[in-house]
Amino acid sequence: EEVFQLQGELVELILETERELGVHTRPLDEIAGVLEDEFKVRGIRAEPYGIDTALIRAVLEWEEDFLGFAGVSRAES
C-alpha cells in the first residue's frame with residue numbers, strides 16, 4: 001500500500017473537480033484518468049511530485065471508504 005501526504009487543498013481540488021465534470025459516478029480508475037488529464041489541460045501541477053492517477057485514485061478510495069462508513073453511495077454524494 002502506498003502512503004501519500006497531501007495538502008487539504010489538493011483533496012478538495014480532486015473532489016470538487018470530479019463533481020464539476022460530472023464523473024463522480026464512473027469507476028475510480030476512469031475518474032482518476034479523467035482528472036489527471038483535466039489537471040494537465042488546466043496547467044495544474046504539484047512539485048516536487050506530480051498529480052498522477054495513483055495519487056488521485058488514493059484520494060478517491062479514501063472518499064469511497066468515508067462515504068461507505070456514512071452509508072452514502074458515490075452517486076448520492
Side-chain angles (χ1 to χ4, degrees):
E1 184 173 322
E2 297 184 43
V3 177
F4 294 102
Q5 291 186 339
L6 315 170
Q7 292 292 323
E9 293 85 358
L10 178 58
V11 173
E12 187 175 345
L13 174 69
I14 291 169
L15 300 181
E16 286 182 1
T17 305
E18 73 168 329
R19 299 243 168 1
E20 175 189 330
L21 298 177
V23 297
H24 64 282
T25 59
R26 296 183 188 179
L28 297 185
D29 286 335
E30 187 177 333
I31 297 169
V34 168
L35 294 182
E36 180 181 33
D37 292 343
E38 183 66 20
F39 295 152
K40 287 178 184 175
V41 167
R42 294 183 185 189
I44 298 171
R45 59 190 183 93
E47 294 294 336
Y49 307 104
I51 304 172
D52 62 7
T53 56
L55 177 102
I56 295 168
R57 182 169 172 92
V59 171
L60 296 173
E61 288 174 350
W62 166 81
E63 178 194 27
E64 186 124 310
D65 289 345
F66 178 79
L67 290 171
F69 295 141
V72 178
S73 71
R74 289 188 68 76
E76 295 172 351
S77 67

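Here the structure is a predicted model, which means the values were calculated and not measured.
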Worksheet item: Tell me, do Leu35 and Ile51 make a side-chain contact under 4.5 Å, heavy atoms counted?
Response: no

Item to complete: Identify the heavy atoms of Leu60 and Glu18 that sit nearest to each other, and give their distance.
Response: CD2-OE1, 3.6 Å

Worksheet item: Looking at side-chain heavy atoms only, is the closest gap between Glu61 and Leu28 below 4.5 Å?
Response: yes

Worksheet item: Do Leu10 and Leu55 touch side chain to side chain, with heavy atoms closer than 4.5 Å?
Response: yes

Worksheet item: When clusters are formed from ILVMFWY side-chain contacts under 4.5 Å, directly or step by step, what else is grouped with Val72?
Response: Leu67

Worksheet entry | Spatial distance of atom CZ (Arg57) from atom CD1 (Ile31) [nearest 0.5 Å] | 9.0 Å

Item to complete: Verify the neighbour count for atom CD of Gln7: are there more than 12 heavy atoms of other residues, nucleotides or ligands below 6.0 Å?
Response: no

Item to complete: Determine the minimum heavy-atom distance between Val59 and Val11, stating which atoms define it.
Response: CG1-CG1, 4.0 Å

Worksheet item: When rounded to the nearest 0.5 angstrom, what is the spacing between CD in Glu76 and NE2 in His24?
Response: 10.0 Å

Practice prompt. Taking the side chain as every heavy atom from C-beta outward, state whether Ile14 and Glu63 have any pair of such atoms under 4.5 Å apart.
Written response: no

Fill in: Approximate separation, where rounding is to 0.5 Å, of Ile44 CD1 and Glu36 CD
12.5 Å

Discussion item. With a 6.0 Å cut-off (strictly less than), is the heavy-atom count around CZ of Arg45, excluding the residue itself, greater than 12?
Written reply: no

Discussion item. Hydrophobic cluster membership, with links at side-chain heavy-atom distances under 4.5 Å among I/L/V/M/F/W/Y: are Leu15 and Phe66 in one?
Written reply: no

Practice prompt. To the nearest 0.5 Å, tell me how far Leu21 CG sits from Glu16 CD.
Written response: 11.5 Å

